[in-house]
Amino acid sequence: MPTDFALLSERLRLKVEAADFHPAPETLDELRHFMALQNDWLDAIPNDRWVYFVPGIWHGDHVLKLFERIPPGASLVLMERDAAWLRSALLVNDFGPAAMSRRCILVEDDDPAHLAERLALVGDKLCRKPLPGAPSCIHTCEPIADYDLEWWSKCRVKLADFADTLRTAIFTQLCNAKCTDDNVMNNLPLYAATPGLDEWHNLFQDRPAVLVAAGPSVDQSLEILVRRAELRDRYVLISCLTMLKPLLSVGITPDFVTALDYHEISGRFLEGIETLPPGIKFVLEPKVNHAVTKEVERLKAPVYFLWNEFALAVAGPFNSYDKEGHLNARALVDGSAQTDRAALPPGATVAHLSMDLAEYLGCDPLIFIGQDLGFRADKYYPDCVYAAHPWKDSFKQRLADAAALRLVEGRDGAAMYQDEQMHCYLQHFECRWKTARAKCIDATEGGVKKIHIEALPLEATLAAYCLDPVSIVARPLSLNESNRAELFERLQDRLPVLAAFCDHLAVLVEWYGKMIAGTCAMAQAQAPVQAVLAQLGDPRFDALPDIIEHYSGSAPMARHWLDTEAAALKLEGARLKEHAIKRDALFHAEMFRAGCALRDKIKNLLEKNDG
């Protein structure tokens, strides 16, 4: 039996190998009925989508026939959990080519972590504009058989839900790419001068951590933390930035404060704080808005930035590659390996960053409070947040857009509201909790019902796990001003290199414009275009395309989408050449725009430093 079906898990493979199988049609009447049913099913499926959801493998032949018909580059997501039907299909069909293409994806479980993992393989296709004439990029096929209708129906709903979530996340990332990279650029001077987190790695091995988020139930949680103040030195306390002032207002000092919000309003969470108690350390993603880092500098608080390839690439040599041809970003800021920058996985929210930090510190268990991920009809944020930050949106403003809200089951069994953003965050967390190294405990005093995490009352959790003192040394702010000075010297040296690269791009964009406008024949433009492309191959520019593509956010994705669109439309000859010219023109125009913007950003940083 073939065992290379796409992403067939070891657990499922063992089940399949041990299962009985369903016999294929044998009599002439059975075969005729089978072929007629299959042909009618195939004829009803459009040939113009990027992703096809297929319920049931059945005998397998209809799946392979559909795979042959769908556009080149499109993917097929097959929902099948029945080991016997999988065995039957794999015994008589060769799924090897489909499996090797990585375009035939098996969904064998409707668990959120499993669905997220599978759909990540088709994420870019879920975000594309539909092919000409198609109403959407997804087609959900009707079942050809009826042996697992209830599960298929449930799975289809969850797949569609996850597809929406993934599409939203990717579009948000694309839309915010330049904004986040601008924040990285603004934070470069402090980034270069501050240490990384390596000195804290696994320093609190198997010690409990309490992770504070800003859900509406956190008011009750803070009362418990205050009441059990004698336990405060027995756990590591990690707070999101929103909760810093509320914690300080009741006499609780967090050990670490995390922040990653790209919006400037996040700087207001530190308004009105004149001094901080000793011991608070800020852990920041470099994409956090500069308003936050300015406030942290004003407060002279210890700050640690996470590893960021874009920050290191911009600050270092533009021709630094490793032996495999990849940008050696870790060795860029000062020419030596940046091993002290913790490369934590990217998270959807600051609460995810807090969880990643706790795991990096070695903490176990991870005790979550204020992680409601839903709200009742009385408030969206806790009272302590409204008191500390009166400018925060009121619940009434959230409720005004009632169409965007859904009713979900709370931990207590009663209904709660949840907006699309919270729903997305819950899916992310459930995936993370399932694979977490540490034990995860939901000690939130309320909130939505969750999976892959144990629900326990906070007071009982503290009593059970916070048994011994945890030693956390207060460390003063440590800035390496020589690194900061060297950063500006490097940027000054690299500015003319970037400017020269942009000049070459400008010439290239001009030639592509002439070809598209019809004022210059392709044959006439070929020589000058090739000459400019050769100039762009100068070793001085080796890493610049990667850096500018990152700063652009959309250029590489647009080029990839246009390439796969040409394949799906089966363009040939003159139409394919015309499509390629438009693709290259769009790509290089976006690269030119992003390159000039990056050049101006570096100029601005240098002028501020001179001022």
Side-chain angles (χ1 to χ4, degrees), residues 177-178 181 184-185 188 308-333 335 489-517 519-567 576-603 606:
K178 185 180 180 302
D181 282 347
V184 172
M185 293 294 295
L188 269 182
N308 183 274
E309 182 177 18
F310 179 72
L312 296 172
V314 171
F318 283 155
N319 58 349
S320 292
Y321 281 82
D322 61 21
K323 61 183 179 181
E324 296 176 345
H326 302 300
L327 184 63
N328 186 16
R330 279 189 174 273
L332 293 181
V333 166
E489 291 177 8
R490 286 176 174 272
L491 291 178
Q492 188 70 61
D493 291 342
R494 281 144 186 75
L495 189 59
V497 180
L498 178 56
F501 188 81
C502 290
D503 290 343
H504 292 317
L505 281 177
V507 175
L508 196 60
V509 170
E510 183 181 359
W511 277 106
Y512 277 119
K514 290 179 180 178
M515 284 189 281
I516 291 174
T519 59
C520 171
M522 279 189 280
Q524 181 184 352
Q526 186 173 3
V529 166
Q530 291 300 321
V532 176
L533 289 174
Q535 290 173 318
L536 290 174
D538 188 313
R540 293 181 304 156
F541 304 144
D542 277 352
L544 269 180
D546 288 341
I547 294 170
I548 295 174
E549 283 184 13
H550 197 293
Y551 193 65
S552 159
S554 61
M557 185 74 81
R559 180 173 59 181
H560 171 66
W561 286 355
L562 288 170
D563 281 339
T564 52
E565 183 181 67
L576 180 59
K577 288 183 180 179
E578 181 181 345
H579 185 89
I581 289 173
K582 289 181 179 178
R583 173 206 64 195
D584 291 344
L586 177 66
F587 173 74
H588 287 105
E590 175 58 22
M591 289 288 285
F592 174 66
R593 183 205 62 76
C596 291
L598 181 59
R599 176 200 62 198
D600 294 342
K601 192 70 183 177
I602 292 176
K603 282 183 180 179
L606 291 170

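Within the structure, salt bridge (Lys or Arg N to Asp or Glu O under 4.0 Å) pairs that include any residue of residues 519-537 do not occur (at least two apart or interchain).
Distance CD/Q492 to NZ/K603: 10.5 Å, rounded to 0.5 Å. Separation of atoms NZ (K577) and NZ (K582) is listed at 15.5 Å; rounding is to 0.5 Å. Distance check: D503 CG to L498 CG gives 9.5 Å after rounding to the nearest 0.5 Å. To the nearest 0.5 Å, atoms CZ (F310) and CD (E549) are separated by 12.0 Å. Rounded to the nearest 0.5 angstrom, R599 CZ and C502 SG are separated by 5.5 Å. To the nearest 0.5 Å, atom CG of residue L505 and atom CZ of residue R593 are 12.0 Å apart.
Of all the heavy atoms in P545 and F501, the pair that sits closest is CG-CZ, 4.1 Å. For the pair G537 and D542, the tightest heavy-atom approach, listed with the atom from each and the gap, is O-OD1, 4.4 Å. Between R540 and V497, the shortest heavy-atom contact is O-CG1, 3.8 Å. A313 and I547 make their closest contact through O-CD1, 3.6 Å (heavy atoms, listed as atom of the first residue, atom of the second, distance). Closest non-hydrogen pair, A594 versus Y551, comes out as O-CD2, 3.4 Å.
Residues satisfying the side chain to side chain contact (heavy atoms under 4.5 Å, CB included) test with D563, not counting sequence neighbours, are R559, R583. A search for side chain to side chain contact (heavy atoms under 4.5 Å, CB included) contacts involving L508 returns Y512, V529, V532, L533, L536, H588, not counting sequence neighbours.
Between I602 and M185, some side-chain heavy-atom pair lies under the 4.5 Å cut-off.
Using a 30° and 60° split on the angle between ring planes, H504 and F541 fall in the perpendicular class, above 60°.
Here the options are V314, N308, L312, the test is side chain to side chain contact (heavy atoms under 4.5 Å, CB included), and the partner is L188; only V314 passes.
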